[in-house]
Amino acid sequence: MFEQIVVAPDGSEHSHRALEHAKHLAECSDATLWLVHAFAHTSDLWGHDKFDELVTQRKTAGQDILDEARKTLGDTTFDVQEELLEGPAAEAILNVAEVRNADLIVLGTRGHGSLQGMLVGSVGNKVLQHAHCPVMLVR
């Protein structure tokens with residue numbers, strides 16, 4: 001049924017539920033599951049005297065979310081891959097889905113977004129509008 005599934009954990013309860021659904025679908029299809037997490041652009045840190053340390057903190061926090069997702073998945077019978085990217089989450093998800101030729105994107109309906117994200121539009125909404133493949137939103 002599916003060969004490549006993208007899921008985007010962000011540490012929220014909704015993304016945890018999305019991960020559980022993606023895991024079930026990957027098990028049934030023996031699909032590769034792509035864990036995608038994007039951390040905020042680091043350009044806002046340029047010129048800061050602790051630039052390297054702050055960039056490392058953002059990357060580490062993102063990797064911690066991916067590590068927690070792997071832990072939640074436990075032992076799997078299917079392949080699990082990771083993409084930790086810098087930039088807006090929707091663009092990262094869409095990019096990985098396109099590059100990896102995803103058959104499905106699975107997202108939680110609400111994540112740990114910013115107030116700006118709530119005003120401008122959700123990650124899920126942007127992914128729904130621009131994805132080349134089906135998108136499953138999990139509440």
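Cluster annotation: L19 and V106 are assigned to the same hydrophobic cluster (Ile/Leu/Val/Met/Phe/Trp/Tyr, side-chain heavy-atom contacts under 4.5 Å, transitive). By the rule that hydrophobic residues join a cluster once side-chain heavy atoms approach within less than 4.5 Å of another member, V36 and L137 end up as members of one cluster. One hydrophobic cluster, built from ILVMFWY side chains closer than 4.5 Å, cannot hold both L35 and V135; they sit in different ones.
No side-chain heavy atom of I105 sits under 4.5 Å from any side-chain heavy atom of M136. Within the 4.5 Å cutoff, the side chain of L107 has no heavy atoms near those of the V7 side chain. With a 4.5 Å cut-off on side-chain heavy atoms, L84 and F39 count as touching.
The environment of H130 atom NE2 is dense: over 12 non-hydrogen atoms of other residues, nucleotides or ligands sit within 6.0 angstrom. When the shell of 6.0 Å around CD of E98 is examined, it contains 12 or fewer heavy atoms from other residues, nucleotides or ligands.
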Steps toward side chain to side chain contact (heavy atoms under 4.5 Å, CB included) verdict (L85, H37): CA-CA 6 Å; L85 303 169; H37 183 79; over 6 Å; no

Verdict with supporting geometry, M1 and L104, side chain to side chain contact (heavy atoms under 4.5 Å, CB included): CA-CA 10 Å; M1 178 183 244; L104 179 68; over 6 Å; no

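Residues E86 and K59 are not paired through a salt bridge, judged by the lack of any N-O separation under 4.0 Å between the basic side chain and the carboxylate. The pair R70-E82 counts as a salt bridge, with a side-chain nitrogen and a carboxylate oxygen less than 4.0 angstrom apart.
With respect to L33, the side-chain contact (heavy atoms from CB on, under 4.5 Å) criterion is satisfied by exactly one of V6, L25, T76, L73: L73.
Without hydrogens or angle criteria, D103 side chain to E3 main chain gives a donor-acceptor distance under 3.5 Å.
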